[in-house]
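Model, not experiment: these values are computed from the prediction. Sequence positions, counted from 1, serve as the residue numbers for this chain.
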Amino acid sequence: MKRYHTISALLLLLSLFALPLGAQRALLKQVRLTINSRDGVFAKGDTIKIYGQLTEQFSKPLTMSIYDGGTRYYGTTKESPVRTPLELTTAPRLIFTAVYQQPKAIMLSVAADEKASSMIGFMVAPEEMRPGYETPADFMAYWDNQKAGLRKSKPEVTLRKMKIADKADAKRFEAYGVEISMPEGNPVRGFLVKPRKAGKGSLPILLNVHSAGVSGAWCHATVENAVGYAKSGNGCIAIDINAHGYPEGLPSEYYVNLEQGELKDYSTRPLVDRESLYFRLMYLREVRALDYVCGLPEWDGRRVLVQGESQGGGQAEAIAGLDSRITAVVANVPALTDLGGILHNRQSGWPAPYEKEAATALGKSILPYFDGALFLQFTKAKLFMVSGMIDETCHPGGVHAAFNASTSPDKQIHPYPYRWHSGTNKPFDKEWDETIGKARRDFINDYLK
């Protein structure tokens, strides 16, 4: 079952701590843009119409720019769109119309300066988009070897009983700080929460993974988050792990120092080989976490849902391809996806600075092995994805390319013309929450019942 939905989304629990991976423009609140498609998706040959209007009197000169394939490039095809002067009033005015006969992902920006703009996006025939990279013949062999090496070392597991602040939740759930050793690199670290006195084989699992960064609140696993996730469905085993394996609960200065020191620019370090790419151990920590939590006697032996946004969305795609125990995936505006997008003349997925090496022999020998779009070819898990039509960090064309590459027999994607990387244009927040936000919550809760 494959569905392109015509509704929008708000990722409530999942996006509590999700912020932009890269610089994102400030919203020009005085300009409202609308389009003649609720989800921003068109078929080839459709007429696209975009209207602009002022929401209040505004005296600064405006310019309109069209970005075909992305808003920034780090390779040889850097885009410099033509900026067209634009006059708007408080009455809606048709400012753009076009008909396309080929797949497209286009963003339109109305700006008063370089820092603030109002944006809207649309796609033409997104179902025809494919990942920039072909899947290497030894893709799974490489990862099978990585997992085999991981499992040669028996994990040491340390559990710490944690306090749950809410009294009602404390009566219903038990919480633990969890640390699981790795044969190399930092251990798995996070929090495990499960219903008290659950019977053997009675509970599904929810694995939560995090967005990019080091010191921000959105990077951290917390007991509170894990408790919220454990309430999903009729109650589940929830494990919330940070991406880096650092200890939780230390003073904020510790994480700031990490971000400025040991983990500085972790996502854009020079490409050398597959073994030294930072994301290799990030993915393997997920495998280690899954090995542990699937060994708990309360697991029902059938259902494991993984969820993540941005970098976490890319991790969710990866673990789904790496481990058949994953049976449902929620990947929201996923990073680490379509890393070879520039080969198809669109902005590659984050980490964008790797784009300048994506087409080189070195890039082709490393990046495809970490591309979420390729991992999705190796899972039959149910799939729920979200794409933002004005996402300047994780390009919608690459997200849809990954969705199309997925071999899941039950998958759905939710595009939205007003979705930035970390949220929506404010006038559309309510619609966003009541439509795909609800659809996402229902997907998770229905699956884990």
Side-chain angles (χ1 to χ4, degrees), residues 9-22 186 188-191 205-222 224-226 228-229 232 238-246 248 263 266-267 278-290 293 304-323 326 328-339 349-352 370-373 375-376 379 381 383-388 391 393-394 398-399 402-403 413-414 419-423 437 440-441 443-444:
L10 178 64
L11 316 171
L12 287 184
L13 284 173
L14 194 54
S15 62
L16 285 174
F17 300 108
L19 292 184
L21 290 173
N186 289 340
V188 177
R189 286 187 172 118
F191 297 96
I205 291 169
L206 186 155
L207 169 63
N208 184 69
V209 284
H210 282 263
S211 300
V214 178
S215 65
W218 62 91
C219 307
H220 292 279
T222 68
E224 292 76 16
N225 275 355
Y229 301 138
S232 300
I239 182 166
D240 181 23
I241 62 172
N242 69 60
H244 308 287
Y246 53 46
E248 295 286 9
L263 296 183
Y266 74 87
S267 65
Y278 188 82
F279 299 102
R280 179 179 70 89
L281 290 179
M282 190 181 292
Y283 292 170
L284 289 176
R285 275 192 289 270
E286 291 182 272
V287 176
R288 194 70 141 184
L290 200 60
V293 75
V304 182
L305 183 147
V306 59
Q307 64 174 10
E309 178 163 317
S310 196
Q311 176 186 269
Q315 293 176 75
E317 294 170 336
I319 189 63
L322 286 171
D323 201 310
I326 297 292
V329 181
V330 177
N332 305 289
V333 290
L336 294 162
T337 298
D338 193 37
L339 298 176
W350 181 92
F370 299 88
D371 192 333
F375 279 109
L376 287 180
T379 179
L383 178 63
F384 185 106
M385 294 183 76
V386 171
S387 69
D391 190 336
T393 301
C394 300
V399 175
F403 177 78
I413 189 166
H414 300 256
R419 166 82 196 214
W420 304 77
H421 186 62
S422 59
R440 185 200 68 85
R441 296 189 293 272
F443 177 89
I444 293 172

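Contact detail for Val386 and Val399: the closest heavy-atom pair is O-CG1, 3.8 Å. Contact between Ile239 and Val293 at its shortest, heavy atoms only, is CG2-CG2, 4.3 Å. Residues His210 and Asn242 approach most closely at CD2-CA, 4.2 Å, considering heavy atoms. In terms of heavy-atom proximity, Val329 sits nearest to Ala381 at CG2-CB, 4.0 Å. Nearest heavy-atom pair across Ala402 and Glu317 is CB-OE2, 4.3 Å.
Separating the CG atom in Leu206 from the OH atom in Tyr229 is a distance of 8.0 Å, to the nearest 0.5 Å. The structure places SG of Cys394 at 4.0 Å from NE2 of His421, a figure rounded to the nearest 0.5 Å.
Under a 3.5 Å cut-off, the side chain of Arg441 and the backbone N or O of Gly437 do form a donor-acceptor pair. Within the 3.5 Å criterion, the main-chain N or O of Asp391 finds no donor-acceptor partner in the side chain of Thr393. With Asp240 contributing its side chain and Phe191 its backbone, the two residues share no donor-acceptor pair below 3.5 Å. A donor-acceptor pair under 3.5 Å links the side-chain atoms of Arg189 to the main chain of Gly245, judged by distance alone.
The pair Arg440-Glu309 does not meet the salt-bridge criterion, since no charged nitrogen lies less than 4.0 angstrom from a carboxylate oxygen.
For Tyr283 and Phe375, the ring centers sit closer than 6.0 Å to each other. A ring-centre distance under 6.0 Å is found for His220 and Tyr246. Between Phe279 and Phe370, the ring centre distance reaches or exceeds 6.0 Å. With ring centers used as reference points, His244 lies under 6.0 Å from Tyr278.
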side-chain contact (heavy atoms from CB on, under 4.5 Å) between Val209 and Met282, intermediate numbers included: CA-CA 10 Å; Val209 284; Met282 190 181 292; over 6 Å; no
